[in-house]
Amino acid sequence: MQLSVNGTDHQLEVDPRMPLLWVLRDLLGYTGVKYGCGIAQCGACTVHIDGEAVRACQVPVGDAWGAVTTIEGLGQPDALHPVQAAWIEHQVAQCGYCQSGQIMQAAALLSETPAPTDADIDDAMSGNLCRCGTYPRIRAAIKTAAARLRDS
Amino acid sequence: MSLAGTIARRTLLIGGVAIAGGVAFGTWRYTTPYANPLLSGLNKGEAALTPYVLITQDGITLITPRADMGQGAYHAQALLLAEELDVDLDQITADPGAPSAAYWNQALSAEAGDFLAPGDGVLNSMARTVADMGVKFMGLQITGGSTTVPDGFDKLRAAGASARETLKRAAAEETGLPVSDLTTRSGAVVLPDGTALPYTQLAARAATLDVVQDVPLRDPSQWRLIGKPTQRIDMVAKSTGTQTYGIDVSIPGMVHATVLLNPAQGGALGSYDTAPAFRIPGVQSVVEITGGLGIVADTTWHTFEGARAIEANWPASSMPATMADHWQALSDSFTSTAQDSRKRDDGDMETALTGEVIEAEYRAPYLAHAPLEPINAIVRVDEDTAEVWTGTQIPRFVQANIERITGIPADRVTVHVQMMGGSFGHRLEDEVVKQATEIARQMKGTPVKLTYAREADMMHDFPRQIAMGRMRGTVKDGHVESYDLGIAMPSVIASQMARQGQTVPGPDSQIVAGAWDQPFAIPHHRVTGYRAPDLAPLSSWRAVGASSNGFFYNAGLDELIHAAGADPLQERLRLCNDAVARRVLEAVADMSGWDGPRPAPGKGRGVALTYSFGVHCAEVVDVTDTADGIRLDRVWVAADVGTVVDPVNFETLVQGGVIFGLGHAMFGEITYENGIAQQDNFDSFPSLRLDQSPEIIVRGLENARTVKGIGEPPVPPAAPALAGAIFAATGTRLRDMPFSRAVTFA
Ligand code: FES
Ligand code: FES
């Protein structure tokens with residue numbers, strides 16, 4: 001089967017039932033995508049399919065319906081996405097393990113809702129668990145990124 | 001004389017040296033008996049100035065032997081080194097380095113003194129010294145107990161200063177100029193004419209010189225980095241998916257593995273049928289390990305699928321059958337024979353407890369550590385060497401355990417410590433390494449990457465202690481008159497150290513940590529620790545004993561203050577007998593505009609202060625009783641760590657600690673049936689999430705004399721401050737955690 005990840009087409013010989021998460025991590029080396037729970041409870045595995053935030057642990061690779069973007073495709077250290085730039089500015093991460101998922105979720109939120117209210121942020125982000133408790137900084141960084149994106 | 005006697009005497013003798021030298025000896029001299037771990041494996045042109053600084057022609061590496069679980073340890077250590085070395089944070093690489101006895105943890109051994117001899121005075125300081133030397137002898141390179149900054153504060157600055165002065169001497173030899181004419185800046189020695197000689201070019205010459213010792217440390221007024229906001233060195237990597245954690249490491253030729261363990265804690269392997277596993281594509285082998293099976297496959301997913309497919313019958317574990325049995329064991333431990341310590345006994349408690357005595361009982365459940373990165377390790381066992389890649393806080397134990405399993409000497413076991421996706425104490429255990437080693441020795445030469453499924457990580461965690469508190473007390477003339485608190489729990493430290501083949505003599509100070517030494521002068525005041533029998537195997541969980549005891553102590557005090565008709569904050573201030581603690585309480589009163597526990601109808605406010613890990617930390621929590629349940633509005637926190645080394649990270653750690661303390665108090669518990677944890681993932685073990693998180697306002701104070709870490713102290717006061725707020729808003733007294741059993745949270 002064929003899978004587009006971050007603009008690159010991959011030819012895969014793979015059991016179509018394998019979750020997209022493990023195809024990305026173990027077969028294709030996109031280790032920015034994280035495993036935390038495997039049951040849609042933590043959001044660490046969040047990627048975009050055609051721009052929509054999805055839990056990669058819940059999507060059998062055979063069902064992936066469009067182009068996949070991972071944290072590595074959103075932006076790079078020398079070419080940051082505005083959400084990543086805001087995350088760095090606010091120094092959001094502690095262990096950082098949840099942050100790929102948080103950033104992907106926040107980027108999807110802002111592409112749909114450029115000026116989110118606190119309630120919008122609550123709704124969009126509460127599926128993403130942070131065991132280190134970085135929530136106050138996540139909220140602040142989303143607001144900064146939203147302002148930046150609106151200005152640009 | 002027996003061998004044990006000889007060792008004890010020698011230990012004492014060296015301890016005496018340490019007493020004579022005191023802390024003024026400094027790190028370098030302390031570590032002199034150990035070979036500098038960087039001297040082996042150095043290439044030509046590289047200079048190892050101290051075990052903490054490595055300079056080559058290619059760049060400057062600061063060795064940060066305390067592990068990073070997300071608390072910013074690499075950054076904090078690099079910052080302390082860079083302060084005196086005069087390098088910029090973007091010029092250096094931080095590397096955890098190879099495990100070495102020279103990186104022993106002095107601050108942790110100071111805490112360990114308490115395990116050996118409770119109380120103060122000469123005996124205790126001697127015991128402390130013995131423990132100190134013991135830790136040194138074992139060379140325990142442990143990260144934990146919020147000790148990274150206290151342990152490194154002088155040690156790392158001294159290392160940076162020695163390196164700087166040695167590099168200046170090298171520049172003096174090179175140029176013929178006197179050292180006094182030279183200055184340093186941004187990784188270079190600067191000559192009077194402004195020419196900069198980069199450290200990297202001076203490294204080779206510096207290697208030929210003796211290290212300049214005992215360089216005076218700079219006055220705080222000269223600090224460039226300490227106390228200033230800095231950009232943590234791992235932020236870009238952690239915001240772009242480019243940070244490599246243990247779970248991301250890939251070694252050529254490696255296979256994946258996972259474990260299927262007896263679901264009951266500590267249970268043995270029974271009969272099993274592996275045939276269904278081999279129907280999963282990619283499953284290569286299933287091997288026996290202690291307490292279960294290792295499943296080897298081509299991808300992580302196939303190891304999980306293989307483990308799910310196997311049918312097995314598991315022998316019962318020796319743990320009590322029901323939670324009622326666990327609680328009964330604690331309840332039965334409030335006896336004189338089970339008494340472990342009575343470190344506080346002020347006034348005359350027995351005569352004080354007459355008339356109207358207020359009594360209450362409190363409970364704290366087992367809790368999982370559940371860092372978001374499940375535990376994992378890669379191990380390759382060769383003929384007479386082994387190599388490990390894992391996120392661990394105990395690299396030296398890892399080496400020792402691999403020696404025990406394979407017979408390969410510890411010094412031939414290479415450990416590559418990885419960045420960790422959280423720990424909270426989870427990675428003070430190394431079962432995953434032992435199991436990966438058991439699998440890897442059955443397939444020599446092949447790197448085996450063992451990844452736990454979340455379910456295995458949670459069910460086979462060694463949890464936070466279960467604990468019970470019982471208080472009695474009296475009030476008089478509107479004030480607290482007597483307060484007697486008894487705490488029963490099994491010994492976490494004994495359980496944990498037993499797994500490393502170590503015994504810990506004497507009382508366990510963690511049984512009363514966060515309770516016996518609180519800064520309140522109550523006329524009659526007693527705190528007694530009772531040691532419950534071993535139940536579930538336990539491990540240190542963020543704030544350890546204080547995580548339960550901070551709740552017991554403050555909740556009991558609140559009930560007495562309420563009975564006295566006093567204000568929770570004003571009465572704490574009145575009773576407070578410590579200047580540093582008083583300022584912390586005054587700070588949260590000021591920040592929150594404290595004006596009593598009921599600021600408005602439907603609203604409630606609670607306050608708590610816990611002294612733990614050498615830090616006074618006070619919190620005020622505001623809640624509203626809404627139609628949907630209790631809503632957490634705001635938290636104000638003040639903590640005194642002596643010196644706030646990194647203000648940005650300080651705020652992050654405090655906020656994270658408060659959320660950790662609140663979330664577990666609200667929702668968290670692990671329960672066991674026949675030794676089997678009934679919670680196995682984040683649906684049954686919920687955490688605080690963004691929508692329920694309050695605003696958290698933080699203030700760092702610097703009145704304390706010694707520098708302390710802030711990883712743990714914000715956790716203990718969170719639960720009692722919340723309970724106080726809920727009581728003020730609703731009249732419901734919460735005595736058992738998790739609170740969600742009794743109230744709903746909006
Ligand atoms: S790993 Fe997919 S939601 Fe947790
Ligand atoms: S930063 Fe550690 S889990 Fe979010």
Novice: For B:Ala73, does its backbone N or O pair with a side-chain atom of B:Asp68 as donor and acceptor, under 3.5 Å?
Specialist: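 Confirmed, B:Asp68 side chain pairs with B:Ala73 backbone.
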Novice: Can you tell which part of B:Gln231 gets under 4.5 Å to a heavy atom of chain A, answering side chain, backbone, both or neither?
Specialist: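 The answer is both parts of B:Gln231.
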Novice: Please classify the contact of B:Tyr74 with chain A as side chain, backbone, both or neither, using a heavy-atom distance under 4.5 Å.
Specialist: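 Neither the backbone nor the side chain of B:Tyr74 comes within 4.5 Å of chain A.
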Novice: Given B:Thr300, which of B:Lys449, B:His256, B:Glu305 fulfils the side-chain contact (heavy atoms from CB on, under 4.5 Å) condition?
Specialist: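 By the side-chain contact (heavy atoms from CB on, under 4.5 Å) criterion, B:Thr300 pairs with just one of B:Lys449, B:His256, B:Glu305: B:His256.
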Novice: Just give me the residue among B:Ser250, B:Ala370, B:Gly422 that pairs up with chain A most often, heavy atom to heavy atom, under 4.5 Å.
Specialist: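 That would be B:Ala370.
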Novice: Heavy-atom distances under 4.5 Å only: say whether B:Glu695 touches chain A with side chain, backbone, both or neither.
Specialist: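 Neither part.
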Novice: Among A:Asn128, A:Ile138, A:Ile39, A:Ile103, single out the residue with the greatest number of heavy-atom pairs under 4.5 Å to chain B.
Specialist: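 Result: the option with the highest number of such pairs is A:Ile39.
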Novice: Is it the backbone or the side chain of A:Leu80 that comes under 4.5 Å from a heavy atom of chain B, or both, or neither?
Specialist: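 Contact with chain B: side chain only.
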Novice: Examine whether an atom of A:Leu74 lies under 4.5 Å from a heavy atom of chain B, and if so say whether it belongs to the side chain, the backbone or both; otherwise answer neither.
Specialist: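 For A:Leu74, no heavy atom lies under 4.5 Å from chain B.
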Novice: Please state whether the side chain, the backbone, both or neither of B:Gln243 comes within less than 4.5 Å of a heavy atom of chain A.
Specialist: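 Backbone only.
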Novice: Side chains of A:Thr46 and A:Val54: closer than 4.5 Å at any heavy-atom pair?
Specialist: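 With C-beta onward as the side chain, the pair stays apart.
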Novice: Under 4.5 Å from any heavy atom of chain B, what part of A:Asp26 do you find: side chain, backbone, both or neither?
Specialist: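 A:Asp26 touches chain B through side-chain heavy atoms alone.
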Novice: If you count heavy-atom pairs under 4.5 Å between each of A:Gly96, A:Ser126, A:Pro136 and chain B, which one has the most?
Specialist: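 If we count pairs closer than 4.5 Å to chain B, A:Ser126 comes out on top.
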Novice: Which residue out of A:Cys95, A:Gly133, A:Gly32 racks up the most heavy-atom pairs below 4.5 Å with chain B?
Specialist: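 With the most close heavy-atom pairs to chain B, the winner is A:Cys95.
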Novice: Of the non-hydrogen atoms in B:His369 and B:His426, which two are nearest, and what is the gap between them?
Specialist: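 Reported closest heavy-atom pair: CD2-N, 3.3 Å.
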Novice: Would you mind checking which part of B:Tyr245 comes under 4.5 Å of any heavy atom in chain A, side chain (CB onward), backbone (N, CA, C, O), both or neither?
Specialist: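 For B:Tyr245, the contact with chain A is made by the side chain alone.
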Novice: Treating A:Thr113 as the side-chain partner and A:Pro116 as the backbone partner, does any N or O pair qualify as donor plus acceptor under 3.5 Å?
Specialist: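 No.
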Novice: Quick check for you: among A:Gln99, A:Glu89, A:Arg139, A:Gln84, which has the greatest number of heavy-atom pairs under 4.5 Å with chain B?
Specialist: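 Of the options given, most contacts go to A:Gln84.
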Novice: Do the side chains of A:Met18 and B:His302 get nearer than 4.5 Å, heavy atoms only?
Specialist: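 Sidechains of A:Met18 and B:His302: in contact.
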Novice: Would you call A:Leu20 and A:Pro60 a side-chain contact if the rule is heavy atoms closer than 4.5 Å?
Specialist: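 Contact flag for A:Leu20/A:Pro60 side chains = no.
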Novice: So what's closer than 4.5 Å to chain A heavy atoms on B:Thr242: side chain, backbone, both or neither?
Specialist: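 Just the side chain, heavy atoms under 4.5 Å.
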Novice: Less than 4.5 Å to any heavy atom of chain A: does that hold for the side chain of B:Ile659, its backbone, both, or neither?
Specialist: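 Side chain only.
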Novice: Under the side chain to side chain donor-acceptor pair (under 3.5 Å) criterion, do A:Gln105 and A:Arg55 qualify, and how do the steps go?
Specialist: CA-CA 10 Å; A:Gln105 188 71 32; A:Arg55 308 293 186 233; 2.9 Å; yes
Novice: Does any heavy atom of chain A fall under 4.5 Å from the side chain of B:Ile247, the backbone, both, or neither of them?
Specialist: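 Contact with chain A is through both the backbone and side chain of B:Ile247.
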Novice: Where on B:His75 is there a heavy atom nearer than 4.5 Å to chain A: the side chain, the backbone, both, or neither?
Specialist: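 The answer is neither part of B:His75.
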Novice: Report yes if the side chains of B:Trp541 and B:Phe660 come closer than 4.5 Å at any heavy-atom pair, otherwise no.
Specialist: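 Answer yes - side chains close enough.
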Novice: Please look at A:Tyr30 and chain B and tell me whether the side chain, the backbone, both or neither of the residue comes under 4.5 angstrom of a heavy atom of that chain.
Specialist: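 Neither the backbone nor the side chain of A:Tyr30 comes within 4.5 Å of chain B.
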Novice: Among B:Arg454, B:Glu651, B:Met419, who wins on heavy-atom pairs under 4.5 Å with chain A?
Specialist: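 Of the candidates given, the most pairs with chain A belong to B:Arg454.
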Novice: Would you call B:Ile696 and A:Tyr135 a side-chain contact if the rule is heavy atoms closer than 4.5 Å?
Specialist: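 Answer no - side chains too far apart.
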Novice: Identify which part of A:Val33 has an atom lying under 4.5 Å from any heavy atom of chain B, answering side chain, backbone, both or neither.
Specialist: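 A:Val33 has no heavy atom closer than 4.5 Å to chain B.
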Novice: How about B:Phe304 and B:Tyr452: do any of their side-chain heavy atoms sit closer than 4.5 Å?
Specialist: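 No. Closest side-chain heavy atoms not under 4.5 Å.
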Novice: Between A:Thr134 (side chain only) and A:Cys130 (backbone N and O only), is there a donor and an acceptor less than 3.5 Å apart?
Specialist: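 Flag not set: sc A:Thr134 to bb A:Cys130 has no pair under 3.5 Å.
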Novice: Would a distance-only check, ignoring hydrogens and angles, find a side-chain to backbone donor-acceptor pair under 3.5 Å from B:Ser423 to B:Arg427?
Specialist: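 Checking the backbone N and O of B:Arg427 against the side chain of B:Ser423, a donor-acceptor pair under 3.5 Å is found.
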Novice: Check whether A:Gln91 reaches the backbone of B:Arg232 with its side chain - one donor and one acceptor, N or O, closer than 3.5 Å.
Specialist: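 Confirmed, A:Gln91 side chain pairs with B:Arg232 backbone.
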Novice: Which bit of A:Ala44 comes within less than 4.5 Å of chain B, counting heavy atoms only: side chain, backbone, both or neither?
Specialist: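 For A:Ala44, side-chain heavy atoms alone lie under 4.5 Å from chain B.
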Novice: Name the option with the most non-hydrogen atom pairs under 4.5 Å to chain B; the candidates are A:Pro19, A:Cys98, A:Ser100, A:Gly38.
Specialist: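 Most heavy-atom pairs under 4.5 Å with chain B: A:Pro19.
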Novice: Would a distance-only check, ignoring hydrogens and angles, find a side-chain to backbone donor-acceptor pair under 3.5 Å from B:Glu712 to B:Ala543?
Specialist: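 Yes, the answer is positive, given that a donor and an acceptor are paired below the 3.5 Å cut-off.
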Novice: Quick one: which of B:Thr652, B:Val648, B:Asp457 has the most heavy-atom pairs under 4.5 Å with chain A, could you say?
Specialist: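 Going by pairs under 4.5 Å, I would pick B:Thr652.
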Novice: Would you mind checking which part of B:Ala453 comes under 4.5 Å of any heavy atom in chain A, side chain (CB onward), backbone (N, CA, C, O), both or neither?
Specialist: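 When you check distances to chain A, atoms from both the backbone and side chain of B:Ala453 fall under 4.5 Å.
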Novice: Under 4.5 Å heavy-atom distance to chain A, tell me which part of B:Ser684 shows up: side chain, backbone, both or neither.
Specialist: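 Neither part, no heavy atoms under 4.5 Å.
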